[in-house]
**Q** 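Take this structure, written in structure tokens, and hold onto it; I'll ask about it next.
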Protein chains: 2
Amino acid sequence: MTVLRKRVVQDNFDLNERSQLVLRSIIENYIQSSEPIGSRSLSKSLGVKLSPATIRNIMSDLADLGFLIQTHTSAGRVPTDSAYRFYVDSLAPPASIPEQIKQKLSAVPNEHGTQVEEILAETVHLLADLTKFACVVSTPKAAVSRLQRIELIKLSEDRILVILVTKAGVVRDKIIFVNESHSQKFLNSVTEFLNKKFKDRSMQEIRDEIHQSLVNDRSRYHELLAHAVRIGKKAFELNQPGEMLIDGQMNLLLDSHFHELSSVRSLIDAFDQKSAILKILDDSMKQKGVHIFIGVENDFKLLQDCTLITASYRNNQNVLGSIGVVGPTSMDYKRIISMVDYTAHILSKTITEQSYD
Amino acid sequence: MTVLRKRVVQDNFDLNERSQLVLRSIIENYIQSSEPIGSRSLSKSLGVKLSPATIRNIMSDLADLGFLIQTHTSAGRVPTDSAYRFYVDSLAPPASIPEQIKQKLSAVPNEHGTQVEEILAETVHLLADLTKFACVVSTPKAAVSRLQRIELIKLSEDRILVILVTKAGVVRDKIIFVNESHSQKFLNSVTEFLNKKFKDRSMQEIRDEIHQSLVNDRSRYHELLAHAVRIGKKAFELNQPGEMLIDGQMNLLLDSHFHELSSVRSLIDAFDQKSAILKILDDSMKQKGVHIFIGVENDFKLLQDCTLITASYRNNQNVLGSIGVVGPTSMDYKRIISMVDYTAHILSKTITEQSYD
DNA sequence: AATTAGCACTCATTGGGGGGTAGTGCTAAT
DNA sequence: ATTAGCACTACCCCCCAATGAGTGCTAATT
């Protein structure tokens, strides 16, 4: 499992073993309790024997380094975003997923013939349920997916049903409208032509090539091919901007960190702007592994009180999309990271089984 | 616009003009302010000149009739579910929808070729946005929809892609697995057979007939037809239990009526049980017009703090599904009712344009 | 007979004050 | 280097009293 660091922690500090222990302990306690951690209570819960006073000194240093803040003068300390970052990068022990959870995640429908969208919906629902946070997943990008099969079906004089089957097993249908009526027989020959010419090519390539054909080779094609290319152009036009499924938004409301109405409101707004989240998911597809965006590390302002953890899923050939979890910055990182990672793997496996590659 | 009354109000009471005025005024004030209405403030806001004392007497009577309750002894009065029912049945003036809203609702995508699911998604999103409540819509029931076209496409040795196009313009695709490999040519003749035999028939009929064929006529069919029937059986098997789209759940959180965590939680649970809501939508498809379920009138316990308003949408031939709004019992009934009604009409119109009937 | 004014009463809400508590920082002793 | 001790801080909780919006009832008024 590769965990990318989005933002490198400043290097000009020196945390000895003990400070690290204290920091880790504060973070883990805080993740559990959601309440500021004081020196006294920490002294008790800490394995090592250290007096509250000593811990206070250490805490003071950690505060100076920007890892802890106080909500007010006489309150305990709370980890900052940098603290979580350091924790994730250096302190968090790798988590193993309980067998029970693994089983549940593996129970994603994988009978033969399950549609990709269904698999995604089930997966994101399951992950939301297990993490108790909000989960998102982007559907396979049409542009990168490669053609397995195209089919043209005459529905009426001016309507043609286009079926696109991609290598990843995604079936897309849309209806195109044409000016002149074509016989099904003619459409069959167009189908054959398009399949022969474009099978295994990516949608983007296909579109580009058709575009070129229309621009350059207008004269070279005879009548039938001209029709075919024109229909093909419409058929391969990308009408879907890319989609995203969300599940478990409501889970966040039950989380103790989002009890203030203001933060809930910004979350609501965040999920309304699907395109912004989709962009993050798309970006994180570009690099392998688990991506973690903690609080202010999110470029998307409305998510700056949250942590977003994503991982891409793929089939044999291509990275297809990303799945992610949105939760409070004080989430149980090791648990959630490993779950996102594991889910992405299972999802990749399931989808690969559906693929034609 | 037909507005059905789910539960008839008791008839053994006698509300004179003035009592009705007071009740209506209380309800409308409460809908606006979400705060208990007292006799003094009502006396001021009421058009007619009545002293607080008089109003108190009237209020007391209304309370006896079960139309008003107090949250505590010295608080103002709040309308009961029965009051809303009476209001909806007798007091609410018919509302006209502002031209602006009409325009927005009419802006639902209706370009040629838009898929039904997309139309539904856009519509429910728009309605949620305009009402500021949660909205649901059920997708066209597969069982009632009638076949326009079926197509079988060989994807691999054991996979056949089945495309079903219904009269309502809904395209469903699924992949079926077969034991023996069939040539595309063979599939084409099966396609032709199935289309000829079953076009314009409802899915339910088709399934029944195929079932009969398998049971009774086994011997009569020659080899090809036997295959065709077997493939047809799989193709027409209903794998989708019926679906529902939800939008704007989060709107409810911002509503002043759901500020207590407990009621939010029950709403969350309610929306998790899609099947229960879907059942209500399905039931209300059976009768024309707008259906209103106020508070306890909902059989579904988790919705008993809410009002659900539904209306069915249809194409020329069939009632296809229902669209609904879930909000607090103290919603602006005349506004919401007319919006749901109008939306259902627009939706019907849009979908009819996509249909083949 | 219907309406209203007056009055006693109720009860949620608000704001202030005090004790308790969990925390800090600093200093001096170990 | 660690710890004990101590002064200090600020939240939280509880109590209390004042406030105010509301009611129900009764007697006076129209």
Side-chain angles (χ1 to χ4, degrees), chain A residues 14-23 25-27 29-30 32-80 83 256-257 259-260, chain B residues 14-23 25-27 29-30 32-80 83 256-257 259-260 262 330:
Chain A
D14 162 38
L15 279 193
N16 57 28
E17 284 279 324
R18 207 179 52 183
S19 304
Q20 294 194 12
L21 174 68
V22 169
L23 181 55
S25 194
I26 291 175
I27 291 175
N29 275 315
Y30 184 69
Q32 267 224 320
S33 70
S34 302
E35 269 161 25
I37 309 299
S39 56
R40 223 179 95 80
S41 65
L42 188 63
S43 155
K44 279 184 220 159
S45 83
L46 210 58
V48 190
K49 191 117 186 62
L50 283 177
S51 79
T54 313
I55 291 179
R56 276 204 289 282
N57 289 330
I58 300 172
M59 280 173 141
S60 177
D61 296 344
L62 290 171
D64 289 343
L65 287 167
F67 285 141
L68 299 177
I69 45 164
Q70 300 174 265
T71 55
H72 60 267
T73 335
S74 73
R77 300 296 212 300
V78 167
T80 62
S256 42
H257 285 274
H259 269 2
E260 312 110 48
Chain B
D14 160 40
L15 279 194
N16 56 28
E17 284 279 322
R18 207 178 54 182
S19 303
Q20 293 194 13
L21 174 68
V22 169
L23 181 54
S25 194
I26 291 174
I27 291 175
N29 274 316
Y30 184 68
Q32 266 224 321
S33 70
S34 301
E35 269 161 23
I37 309 299
S39 56
R40 223 178 96 78
S41 66
L42 188 62
S43 156
K44 279 184 221 161
S45 82
L46 210 55
V48 190
K49 190 115 187 63
L50 284 175
S51 80
T54 312
I55 292 179
R56 275 205 289 282
N57 288 332
I58 301 172
M59 280 173 140
S60 178
D61 294 346
L62 291 170
D64 288 345
L65 286 167
F67 285 141
L68 299 176
I69 46 163
Q70 301 174 264
T71 54
H72 59 268
T73 332
S74 74
R77 301 285 209 308
V78 167
T80 62
S256 40
H257 287 273
H259 269 1
E260 312 109 48
S262 64
S330 66

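Lettering follows sequence order; numbering is per chain, from 1. As a basis for the values below, the full set of heavy atoms in this structure was taken, side chains included, without hydrogen atoms, waters or symmetry mates.
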**Q** Quick one: is B:Thr54 getting a side-chain N or O under 4.0 Å of the C:dT3 phosphate, OP1 or OP2?
**A** no
**Q** Atom OH of A:Tyr30 and atom P of C:dG23: how far apart are they, to the nearest Å?
**A** 14 Å
**Q** Once you round it to whole Å, what is the distance between P of D:dT23 and CG of B:Leu68?
**A** 10 Å
**Q** Across nucleotides 25-30 of chain D, 5' to 3', mark each nucleotide with B, S or - according to how protein heavy atoms within less than 4.0 Å reach it.
**A** B-----
**Q** Measure across B:Ile26 and B:Met59 and return the closest heavy-atom pair with its distance rounded to 0.1 Å.
**A** CD1-CE, 3.7 Å
**Q** For the pair made of CD1 in B:Ile58 and P in D:dG24, what is the distance, rounded to whole Å?
**A** 13 Å
**Q** Looking at A:Ser39, I'd like to know whether one of its side-chain N or O atoms comes within less than 4.0 Å of OP1 or OP2 on C:dG23.
**A** no
**Q** Please determine, for C:dA29, whether a Watson-Crick or G-U wobble partner exists with both distances under 3.5 Å, and give it or none.
**A** D:dT2
**Q** What's the CZ-P distance between A:Arg40 and D:dA4, to the nearest Å?
**A** 12 Å
**Q** Backbone N or O of A:Ser51 within a donor-acceptor pair of the A:Ser43 side chain at under 3.5 Å?
**A** no
**Q** Taking the side chain from A:Ser39 and the backbone from A:Ile55, do they hold a donor-acceptor pair closer than 3.5 Å?
**A** no
**Q** Just how far, in rounded Å, is C1' of D:dA10 from CD of A:Gln70?
**A** 11 Å
**Q** Between the side chains of B:Ser19 and B:Asp61, is a donor N or O closer than 3.5 angstrom to an acceptor N or O?
**A** no
**Q** Verify whether one side chain among B:Asn57 and B:Thr54 offers a donor that lies under 3.5 Å from an acceptor in the other.
**A** no
**Q** Is any side-chain heavy atom of A:Ile58 closer than 4.5 Å to one of A:Arg18?
**A** yes
**Q** Which is more 5' along DNA chain C, the nucleotide nearest B:Leu50 or the one nearest A:Arg77? Just name the residue.
**A** B:Leu50
**Q** If you take all heavy atoms of A:Pro79 and A:Leu68, which pair is closest and at what distance?
**A** CA-CD2, 3.9 Å
**Q** Identify the nucleotide, in any strand shown, that forms a Watson-Crick or G-U wobble pair with C:dG16, with both distances under 3.5 Å; if there is none, say none.
**A** D:dC15
**Q** Kindly indicate whether the side chain of A:Ser74 and the base of C:dT24 share any N or O donor-acceptor pair separated by less than 3.5 Å?
**A** no
**Q** Within the 4.0 Å heavy-atom criterion, would you say B:Thr73 contacts the bases, only the backbone, or no part of the nucleic acid?
**A** sugar-phosphate
**Q** Give the rounded distance in Å between these two atoms: CE of B:Met59 and C1' of C:dT3.
**A** 17 Å
**Q** Do any side-chain nitrogens or oxygens of B:Ser51 fall under 4.0 Å of OP1 or OP2 in C:dT4?
**A** yes
**Q** Nearest whole angstrom, please: distance from the P of C:dG23 to the CD1 of A:Ile69.
**A** 17 Å
**Q** Rounded to whole angstroms, how far apart are CD on A:Glu35 and P on D:dC11?
**A** 15 Å
